[in-house]
Amino acid sequence: MIEKINQLKSRIAALTASSAEEVEQLRVQYLSKKGEISLLFNDFRSVPAESKREVGQLLNELKTLATERIASLRQSLLDKEEADFETSLDLTRTATPLPQGTRHPLSLVKAEMLDIFARMGFTIADGPEVEDDWHVFSSLNFADDHPARDMQDTFFISRNPADVLLRTHTSSVQTRTMETAKPPIRIVCPGRVYRNEAISARAHCFFHQIEGLYIDKNVSFADLRQVLLTFARQMFGAETRIRLRPSYFPFTEPSAEMDISCNLCGGKGCGFCKHTGWVEILGCGMVDPNVLEACGIDSGTYTGYAFGMGIERITNLKYRVKDLRMFSENDVRFLDEFVAAK
């Protein structure tokens, strides 16, 4: 026993460590309940009575030595870290805080739009960007020969055995919601969409949309108009006026496009609104009964409306960004212009 203690003393006196993890491993090896020193204390029971005094004293000295040595190694590492920090500290560096970044203008506008719709009782719904033909086209009443299915408009990932594609609008989230939820349904669907278009100052192959859907009993076009008027005035100012022009979409009937009075000239006419006093911002309409039936909703009992708009379009109206490519080029100079808006 005495020989074991002396051997252990020599080993402990020579201990070294280069990291806090190694110091902890040494502590566990020697001082834990199952460590080498604890095992020696367990063996102390079998030491003859005449040797217990001497062996007990040696064991206590061994434990003290191990405790102090491990504590010394830990402190040495802390001292080294502090010295390294002081050495690397640049006393010539300015005390002025480093500049912080800002939220992207699309994120700012999207958050404001979602907040407006949330106050009107809409909840957020999300869905996959890689979709199938049914949720993007077929369930939304698109004919088999509709131009939107053409490769010129849609990014197809595979055509057989089933069409897999990048969604061209967030209406696919609406169809997924209608398939799984029972009316009343009141949702907005924000997200990125993709279309096979040439990239220019006025168009991009990907952009962002927010679409809305409300389905319940006795929903009318008047309800849709009031929601859109409220949104326009919350977004662009209390004096904003709207007008609805007849249009066509496969998934709504009747359908309309909505203009707002130009928020730059107040509707008087300027270069921005091409001297018409109006600027188009979205498409909308009453959900076609065929769409309701395709998604398992009784069109004889329920009606609904839907609308959709591009976030880039709303951002352009709000901040006058002339080139859509600026939104995705991550130019810090461009982003710095929105520091005050965050």
Side-chain angles (χ1 to χ4, degrees), residues 97-129 166-171 173-174 186-195 197 199-213 227-242 258-267 270 272-273 278-284 306-342:
L98 294 175
Q100 295 182 344
T102 181
R103 296 176 67 188
H104 195 280
L106 293 180
S107 297
L108 291 169
V109 172
K110 182 178 78 170
E112 184 177 356
M113 295 169 71
L114 292 178
D115 181 62
I116 292 172
F117 286 117
R119 295 199 300 269
M120 290 190 282
F122 289 84
T123 59
I124 297 175
D126 195 12
E129 294 183 8
L166 297 180
R167 66 184 183 189
T168 58
H169 47 198
T170 54
S171 301
V173 182
Q174 298 179 6
R186 191 194 293 259
I187 59 171
V188 284
C189 315
R192 181 180 294 182
V193 299
Y194 305 83
R195 293 182 188 175
E197 297 182 4
I199 298 175
S200 67
R202 300 176 62 85
H204 210 293
C205 63
F206 70 85
F207 54 98
H208 301 79
Q209 284 187 334
I210 287 183
E211 298 195 28
L213 174 71
V227 164
L228 296 180
L229 177 62
T230 301
F231 166 76
R233 289 182 172 175
Q234 290 284 322
M235 194 74 196
F236 298 105
E239 301 302 319
T240 302
R241 292 173 291 119
I242 69 170
M258 189 182 93
D259 304 329
I260 62 169
S261 54
C262 179
N263 59 327
L264 187 60
C265 65
C270 65
F272 183 77
C273 62
W278 298 95
V279 181
E280 179 190 339
I281 67 167
L282 60 83
C284 61
F307 57 85
M309 67 193 88
I311 299 177
E312 280 87 347
R313 179 64 169 167
I314 303 300
T315 306
N316 277 341
L317 293 174
K318 196 171 181 66
Y319 295 120
R320 313 288 191 271
V321 180
K322 296 182 179 179
D323 192 334
L324 283 177
R325 292 170 293 190
M326 296 296 295
F327 290 127
S328 56
E329 289 181 348
N330 294 325
D331 189 325
V332 175
R333 295 169 300 177
F334 171 70
L335 298 178
D336 283 343
E337 297 178 13
F338 301 91
V339 171
K342 65 182 179 179

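Under the rule for a side chain to side chain contact (heavy atoms under 4.5 Å, CB included), the partners of Thr230 that lie at least two apart in sequence or sit in another chain are Met120, Gln226, Gln234. His204 is linked by a ring pair (Phe, Tyr, Trp, His ring centres under 6.0 Å) to Phe206, counting only residues two or more places apart in sequence or in another chain. Applying the side chain to side chain contact (heavy atoms under 4.5 Å, CB included) criterion to Ser261, with sequence neighbours excluded, gives Thr240, Arg241, Trp278.
In this structure, NZ on Lys110 lies 13.0 Å from CD on Gln209, to the nearest 0.5 angstrom. With values rounded to the nearest 0.5 angstrom, Asp331 atom CG is found 9.0 Å from Asp336 atom CG. To the nearest 0.5 angstrom, Leu324 atom CG is 7.5 Å from Ser200 atom OG. Of the inter-residue distances, the one linking Ile260 atom CD1 with Ile314 atom CD1 reads 6.5 Å to the nearest 0.5 angstrom. Here Ser328 contributes atom OG and His104 contributes atom NE2; the two are 7.5 Å apart, rounded to the nearest 0.5 Å. Distance CD/Glu112 to CG/Leu114: 10.5 Å, rounded to 0.5 Å.
No donor-acceptor distance shorter than 3.5 angstrom exists from the side chain of Arg313 to the backbone of Ile281, with no hydrogens or angles considered. Although no hydrogens or angles enter the test, the distance criterion places a donor-acceptor pair under 3.5 Å between the side chain of Arg167 and the main chain of Arg192. Proximity of a side-chain donor or acceptor of Glu211 to a complementary backbone N or O of Ser171 within less than 3.5 Å is detected. A donor-acceptor contact shorter than 3.5 Å is absent between the side chain of His208 and the backbone of Pro190. Without hydrogens or angle criteria, Thr315 side chain to Val109 main chain gives no donor-acceptor distance under 3.5 Å.
Within a 6.0 Å sphere centred on CZ of Arg119, heavy atoms belonging to other residues, nucleotides or ligands number more than 12. Within 6.0 Å of CD on Glu329 lie more than 12 heavy atoms contributed by other residues, nucleotides or ligands.
Here the closest non-hydrogen pair linking Leu282 and Gly308 is CB-O, 3.2 Å. When every heavy atom of Leu228 is checked against every heavy atom of Cys284, the shortest pair comes out as CD1-SG, 3.8 Å. Summarising the geometry of Ala306 relative to Leu213, their closest heavy-atom pair is CB-CD1, 4.3 Å, with the distance given to 0.1 Å. In terms of heavy-atom proximity, Ala125 sits nearest to Ile187 at CB-CD1, 4.0 Å. Looking at every heavy atom in both residues, Cys189 comes nearest to Thr170 through O-OG1, 3.2 Å.
Ring pair Phe231/Phe117 is parallel by interplanar angle, where below 30° counts as parallel and above 60° as perpendicular.
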Item to complete: Walk me through it: do Val188 and Ile124 pass the test side-chain contact (heavy atoms from CB on, under 4.5 Å)?
Response: CA-CA 5 Å; Val188 284; Ile124 297 175; 4.3 Å; yes
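For the pair Phe207/Ile311, no side-chain contact is recorded, criterion being any heavy-atom separation below 4.5 Å from C-beta on. Between Met258 and Met309 there is no side-chain heavy-atom pair separated by less than 4.5 Å. Within the 4.5 Å cutoff, the side chain of Asn316 has heavy atoms near those of the Val321 side chain.
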